[in-house]
Amino acid sequence: ALLHGDLGPKEQHVGGMDIPSANNRLKILLIDEVDVFFSENFYGALYQPSVLFQSPEVIELQTFLWQNRGVMNTFRQVQSSPVYAKLEQQFFPRLKRLIDAHIQLMLHALTTYTEAEHDYQVQDGQIGYAEHGGVNTTLRHGYNTTFQYFKEFEKGRIATPVLERNLGLSICCGRFSYAEIPCTYAQILGVTGTLVSLGKFEQSIVQDVYKIQGKSVMPSMYGRRDTEFDKGVHIEKNKSQWHRKIQDEINAMVGTKRSALVFFENEYEIQEFMSSEYGQRLQNCISVVTAANNIENNLDHYVRQATRSGEVTLFHRVFGRGLDFVCLDDTVLAQGGVAVIQTFLSEDISEEIQIKGRTCRQGEKGTYKMILCIEGDFESLVGKDTHELYKLLDTGRRQKFSMKSGVRRR
C-alpha cells in the first residue's frame, strides 16, 4: 500500500508551537514498512543525544567509585571523600546540583551495569550493544557503559586511551520523541506490505494523528506464490523433539540440494539448538548469523552464501527483515528454491510476513514452514490439520497483540 498525507501549510503545529520549515520549503517524510515505526524501539521511545564532559576531577571520581564499589554505596559516603572535596573546590557552587545528581546516577549504575538489559559486547576494543542485528559502539547506557569500560579494562580487553575517552559526566542534550517527528513534516509518503497487520491503536494513530487517510493498494510485481509455498505449521511438545524436527527439516533440504534459512527468536535459542545432540550433528554444515558473532562487516557474504546448494544458515529474527536473499544457484531453483524455516510464532504478524518474504524473491520458487515448540497447550492442538492449527495460533496472537495495543493506548 502507498500511504500519503495531504500537503500542510508552510508552518507545522507541533506541541503547541508553530515550526516554520527551513527556507519555507515543505519537508516530505518517507517511511518504509510502517510497522517498524510502531515497534517498541521507536513509537513511545526517545532519542536522547548526550555529550561527555571530561575533567581530571570527574575522572578521578569515577575511578574512585569503581575501585570502592561495594564499599562506597551512599551519596553521604561520597560527600565525605577527598575526591568530592576536589570537585567542590573546582566546580561548586555553580555546578553543585548537576554533579550531585550525576553522582547519584553513578551509584545506581554500579548496581545495574551487569543486568541483562545492559548486555554488551567488546568489539574492536570498545563496548557495544546489539542493534538491528549488528553491534553499535556509539550507544551509551548511561553510567552502566562507564563501569562496563572499567570492568573490561581490568580484564585487559580495553586499552587505556579508549577507557579515558569514555569517562566523564554524561550530559543529556535533549529528549526527542520519535512519535512527534512525523508531525514536523508537511507530507508523509510510504510503501508497506504490512499495513493490514497493524492493530486498531496503530491504525488510529496513522489516520487520526498523522492524518494519513489515503492509500493505494497495488498487487505484487512478483505475482502470486505457487500453492507449494506454504508448508504450514508443525508443533512439538518439548525442546528435545523440537530440536530433532528442526534437524530433520534441515537434513531434508540438504539432501535435496536446496538451501535453508532458519530463523530463531533469540540468540539463546540458537545456542541451545547448536549445543543439543541434534545441532551437534550439523556443526559442519551450518553457518550462524547473530549480532554476537560479529558478522556485521561480512553480512553480504553470508547473505550471498545462504542461497547456495546445501547451505544452511541460522539467523536471529532481526535478520528476517530487509535482507535480499537472491538465489542464483540453478540447482537450488530446480529443486524447489530456498526454504525458510521459522522456529517461533511472531507476536506481530508483520514480522512473520517479512520472514516469509526472504524466499520466493523476484518470482523465484521457495517454501516456508513453521516448526514450533508448544509445551503448555500441546494436547489441545494435537490432531488438527495444519491450516486449522495455524488459524488457532493466529487468533491467539491477534488477541494478545490487540491487548498490547490497548495498553499502549492507555
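Numbering starts at 1 and runs along the sequence shown.
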Would you please indicate if the ring centroids of [X] and [Y] are separated by under 6.0 Å?
X    : Y    : value
Y143 : W66  : no
Y113 : Y149 : no
F42  : Y178 : yes

Do we see a donor-acceptor contact under 3.5 Å between the side chains of [X] and [Y]?
X    : Y    : value
Y84  : E88  : no
E311 : Y302 : no
Q280 : S275 : no
T367 : R258 : yes
S346 : E351 : yes

Quick one: does [X]'s side chain have a donor or acceptor within less than 3.5 Å of a partner on [Y]'s backbone?
X    : Y    : answer
T343 : F263 : yes
E236 : K245 : no
N68  : V71  : no
D329 : S309 : yes
Q62  : G168 : yes
Q342 : V262 : no
R358 : Q354 : yes
E152 : Q121 : no
Q247 : E277 : no
D208 : I205 : no

[atom1] of [X] to [atom2] of [Y]: how many Å apart, nearest 0.5 Å?
X    : Y    : atom1 : atom2 : answer
H243 : D248 : NE2   : CG    : 13.0 Å
L169 : F53  : CG    : CZ    : 6.5 Å
I355 : I341 : CD1   : CD1   : 12.5 Å

(request) Determine, stepwise, if the pair S240 / N238 fulfils side-chain hydrogen bond (donor to acceptor under 3.5 Å, both in side chains). (result) CA-CA 6 Å; S240 178; N238 59 52; 4.7 Å; no

(request) Would you please classify the geometry between the H316 ring and the F319 ring as parallel, tilted or perpendicular, with 30° and 60° separating the classes? (result)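 Judged by the thresholds at 30° and 60°, the geometry between F319 and H316 is perpendicular.
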
(request) May I ask you to decide if the ring planes of F38 and Y43 are parallel, tilted or perpendicular, using 30° and 60° as cut-offs? (result)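 Ring orientation of F38 relative to Y43: tilted.
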
Shortest non-hydrogen contact between [X] and [Y], atoms and distance:
X    : Y    : value
Y210 : C183 : CE2-SG, 3.9 Å
I181 : Y185 : O-CD1, 3.3 Å
T307 : V332 : O-CG2, 3.5 Å
E265 : R317 : O-CD, 2.8 Å
N73  : Q77  : N-OE1, 2.8 Å
R308 : S259 : O-CB, 3.1 Å

[Y] side chain reached by [X] side chain, heavy atoms, under 4.5 Å:
X    : Y    : value
M72  : F64  : yes
L30  : I188 : no
F150 : T63  : yes
F91  : K96  : no
L107 : T74  : no
E364 : L333 : yes
M253 : V312 : no
I212 : Q207 : no

(request) Starting from the C-alpha separation in whole Å, work towards a yes-or-no answer on side-chain hydrogen bond (donor to acceptor under 3.5 Å, both in side chains) for S55 and Q90. (result) CA-CA 10 Å; S55 77; Q90 181 69 17; over 6 Å; no

With a sphere of 6.0 Å drawn around [atom1] of [X], does it hold more than 12 non-hydrogen atoms of other residues, nucleotides or ligands?
X    : atom1 : value
Q283 : CD    : yes
Y47  : OH    : no
K239 : NZ    : yes
H108 : NE2   : no

(message) Under the criterion side-chain contact (heavy atoms from CB on, under 4.5 Å), I'd like the reasoning laid out for L167 against V58: C-alpha separation, chi angles, the key distance, then a yes or no.
(response) CA-CA 8 Å; L167 300 181; V58 171; over 6 Å; no

(message) Taking R397 first and then E347, would you say they form a salt bridge - that is, a charged N and a carboxylate O separated by under 4.0 Å?
(response)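 Salt bridge absent between R397 and E347.
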
(message) Can you tell me which residue among F344, Y278, F264 is in a ring pair (Phe, Tyr, Trp, His ring centres under 6.0 Å) with F273?
(response)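 Per the ring pair (Phe, Tyr, Trp, His ring centres under 6.0 Å) rule, the option paired with F273 is F264, out of F344, Y278, F264.
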
(message) Using the side-chain contact (heavy atoms from CB on, under 4.5 Å) definition, which of the options T114, T111, L110, T112 pairs with F147?
(response)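 The residue from T114, T111, L110, T112 that satisfies side-chain contact (heavy atoms from CB on, under 4.5 Å) with F147 turns out to be L110.
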
